[in-house]
K.L.:
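Starting off with a structure, shown below.
Not measured: the values here are computed from a predicted model.
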Amino acid sequence: IDRDRDGFVTQAELKDWIKHTQNRYIFENVQKNWRDYDRDGDGRIAWPEFKNATYGYYEGEEFGDLEDKQSYRKMLARDERRFKAADRDGDMVATREEFTAFLHPEEFDYMKDIVVTETIEDIDKRDGYVQVDEYIGDMYTPESGEPEPEWVQSERQQFLDFRDLDRDGRLDRAEIGHWILPQDYDHPEVEAKHLLYESDKDKVSGGRGLG
């Protein structure tokens with residue numbers, strides 16, 4: 001972490017380490033899945049390879065031996081839609097970069113639309129928008145007879161003050177995108193500032209960092 005070997009970890013060094021750790025996780029996750037799905041070893045993953053390896057699905061069988069067939073059909077359709085979105089040249093054969101976009105769409109700008117679509121499908125129960133109760137319901141399930149915790153009330157206010165930008169009582173696609181993939185939010189920097197603040201209790205470094 002301490003790249004200049006001065007005995008202190010600065011915010012910039014901590015931020016770079018956090019980014020490196022995140023990228024390493026993505027690389028290792030893709031590497032592991034690549035070995036599982038590139039069945040013919042040609043350095044690419046075709047949609048049929050992924051489909052058959054994931055679902056054990058072959059033409060004509062239609063999940064015949066499974067109890068919850070409809071759920072598996074929905075998952076298959078969702079994966080196929082995401083695979084197509086990640087497949088930039090439209091040949092339904094993923095390069096390593098395209099497969100990375102498939103597994104980690106939140107890391108790629110061109111996958112933002114599919115991330116928003118999947119979020120709406122996961123949270124919305126009615127009309128293609130996310131209402132405040134649906135927003136809260138994604139994080140909290142109330143217990144019968146118990147008062148709503150303060151953090152939930154705070155989240156309701158966050159919804160009104162910062163999520164619902166046009167104040168119409170619901171989140172549309174643009175507002176959902178702003179919420180889950182904010183353009184002005186640098187996660188490694190925020191995390192580095194937080195870690196530095198929490199760890200440098202005595203502040204002996206004079207703002208230089210951890211030492």
Side-chain angles (χ1 to χ4, degrees), residues 15 18-34 36-37 44-47 49-51 53-55 70-141 155-156 158-192 194:
K15 176 181 174 180
I18 291 169
K19 287 172 67 175
H20 170 75
T21 301
Q22 291 174 339
N23 290 336
R24 183 177 65 189
Y25 164 73
I26 291 171
F27 173 82
E28 290 175 351
N29 179 250
V30 171
Q31 188 75 4
K32 175 185 178 299
N33 280 281
W34 192 269
D36 292 339
Y37 293 120
R44 304 188 303 166
I45 296 176
W47 168 247
E49 285 180 296
F50 177 84
K51 179 181 68 172
T54 303
Y55 295 96
Q70 193 57 32
S71 292
Y72 278 88
R73 290 189 186 112
K74 286 181 179 178
M75 286 190 292
L76 174 60
R78 180 164 165 148
D79 276 347
E80 184 173 12
R81 181 182 60 195
R82 189 195 283 191
F83 196 96
K84 286 179 178 177
D87 177 31
R88 303 192 83 164
D89 59 8
D91 63 356
M92 290 302 281
V93 180
T95 63
R96 189 174 290 268
E97 181 177 359
E98 289 170 337
F99 193 62
T100 302
F102 171 75
L103 292 178
H104 299 277
E106 69 284 350
E107 300 294 330
F108 292 79
D109 286 341
Y110 80 95
M111 295 292 286
K112 180 176 180 177
D113 191 61
I114 201 73
V115 174
V116 170
T117 295
E118 291 179 359
T119 300
I120 293 172
E121 290 176 348
D122 290 340
I123 299 177
D124 171 53
K125 303 295 187 279
R126 290 173 284 190
D127 55 5
Y129 296 88
V130 173
Q131 317 288 337
V132 64
D133 288 338
E134 293 168 336
Y135 171 81
I136 295 297
D138 187 52
M139 327 178 227
Y140 169 72
T141 302
E155 282 295 338
R156 286 188 184 278
Q158 286 276 324
F159 182 96
L160 297 173
D161 293 343
F162 302 107
R163 309 289 185 226
D164 182 18
L165 301 176
D166 61 8
R167 303 293 190 267
D168 66 350
R170 62 188 186 179
L171 305 186
D172 60 21
R173 290 185 66 86
E175 290 166 330
I176 292 167
H178 183 78
W179 161 38
I180 61 175
L181 299 169
Q183 295 299 305
D184 56 351
Y185 184 79
D186 187 336
H187 179 267
E189 183 171 0
V190 172
E191 186 67 17
H194 173 72

K.L.:
Who passes side-chain hydrogen bond (donor to acceptor under 3.5 Å, both in side chains) against Arg156, sequence neighbours left out?
P.N.:
Asp133, Glu148
K.L.:
For a salt bridge (charged side-chain N to carboxylate O under 4.0 Å, His left out) check, start with the C-alpha distance between Glu175 and Arg170, then their side-chain angles and the critical distance, and finish with the verdict.
P.N.:
CA-CA 9 Å; Glu175 290 166 330; Arg170 62 188 186 179; over 6 Å; no
K.L.:
State, to 0.1 Å, how close Ala94 and Trp34 come at their nearest heavy-atom pair, and which atoms those are.
P.N.:
O-CH2, 3.8 Å
K.L.:
Looking only at heavy atoms, which two atoms of Ala86 and Phe102 are closest? And how far apart?
P.N.:
CB-N, 3.7 Å
K.L.:
What orientation do Tyr55 and Tyr72 show, parallel under 30°, tilted 30 to 60°, or perpendicular over 60°?
P.N.:
perpendicular
K.L.:
Within the structure provided, determine whether Arg96 and Gln31 are in side-chain contact (heavy-atom separation under 4.5 Å).
P.N.:
yes
K.L.:
Do His104 and Met111 have side chains that get closer than 4.5 Å, going by heavy atoms?
P.N.:
no
K.L.:
For Arg173, enumerate each residue passing the side-chain hydrogen bond (donor to acceptor under 3.5 Å, both in side chains) test, keeping only those at least two apart in sequence or located in another chain.
P.N.:
Asp113, Thr117
K.L.:
Taking the side chain as everything from C-beta on, heavy atoms only, tell me whether Tyr37 gets closer than 4.5 Å to Thr54.
P.N.:
yes
K.L.:
Counting only heavy atoms not in Phe27, do more than 12 sit closer than 6.0 Å to its CZ atom?
P.N.:
no
K.L.:
Can a donor-acceptor pair be found, under 3.5 Å and without considering hydrogens, that links the side chain of Glu49 to the backbone of Ala46?
P.N.:
yes
K.L.:
Going from CG on Leu171 to CD1 on Ile176, what distance comes out if it is rounded to the nearest 0.5 angstrom?
P.N.:
5.5 Å
K.L.:
Could you check whether any side-chain heavy atom of Leu103 comes within less than 4.5 Å of a side-chain heavy atom of Phe99, counting everything from C-beta outward?
P.N.:
yes
K.L.:
Can you tell me how far the CG atom of Asp79 sits from the CZ atom of Arg81, to the nearest 0.5 Å?
P.N.:
9.5 Å
K.L.:
Donor-acceptor pair, Asp138 side chain versus Ile123 backbone, under 3.5 Å?
P.N.:
no
K.L.:
Would the number of heavy atoms belonging to other residues, nucleotides or ligands and lying under 6.0 Å from CD of Glu121 be above 12?
P.N.:
yes
K.L.:
Are the aromatic ring centres of Tyr135 and Trp179 under 6.0 angstrom apart?
P.N.:
yes
K.L.:
Please examine the side chains of Val93 and Trp47, heavy atoms only from C-beta on, and report whether any two atoms are closer than 4.5 Å.
P.N.:
no
K.L.:
Can any side-chain N or O of Glu155 pair as donor or acceptor with the backbone N or O of Met139 at less than 3.5 Å?
P.N.:
no
K.L.:
Starting at CG of Asp172, measure out to CG of Asp166 and round the result to the nearest 0.5 Å.
P.N.:
5.5 Å
K.L.:
Could you measure the distance from the CE atom of Met92 to the CZ atom of Arg44? Nearest 0.5 Å is fine.
P.N.:
13.0 Å
K.L.:
Can you name the one residue among Val115, Ile114, Ile120 that meets side chain to side chain contact (heavy atoms under 4.5 Å, CB included) with Glu118?
P.N.:
Ile114
K.L.:
Quick check: does any side chain N or O of Asp164 sit under 3.5 Å from a backbone N or O of Gly169, one acting as donor and the other as acceptor?
P.N.:
yes
K.L.:
Determine whether a donor-acceptor pair (N or O, by modelled atom type, separation under 3.5 Å) exists between the side chain of Arg163 and the backbone of Leu160.
P.N.:
no
K.L.:
Decide, yes or no, whether a salt bridge links Glu98 with Lys84 under the criterion of side-chain N to carboxylate O below 4.0 Å.
P.N.:
no
K.L.:
A side-chain contact here means heavy atoms from C-beta on lying under 4.5 Å apart; do Tyr129 and Gln131 qualify?
P.N.:
yes
K.L.:
What pairs of residues pass the salt bridge (charged side-chain N to carboxylate O under 4.0 Å, His left out) test when at least one of them lies in residues 99-110, not counting sequence neighbours?
P.N.:
none
K.L.:
Can you tell if the side chain of Asn29 reaches within under 4.5 Å of the side chain of Thr100, non-hydrogen atoms only?
P.N.:
no
K.L.:
Could you give the distance from CZ (Phe108) to CD (Glu97), rounded to the nearest 0.5 Å?
P.N.:
5.5 Å
K.L.:
Any side-chain to backbone donor/acceptor pair from Asp124 onto Asp127? Under 3.5 Å, distance only.
P.N.:
yes
K.L.:
Could you check whether any side-chain heavy atom of Glu134 comes within less than 4.5 Å of a side-chain heavy atom of Arg126, counting everything from C-beta outward?
P.N.:
yes
K.L.:
In sequence, state the C-alpha distance, the side-chain angles, and the governing distance for Asp87 and Arg82, and then conclude on salt bridge (charged side-chain N to carboxylate O under 4.0 Å, His left out).
P.N.:
CA-CA 9 Å; Asp87 177 31; Arg82 189 195 283 191; over 6 Å; no
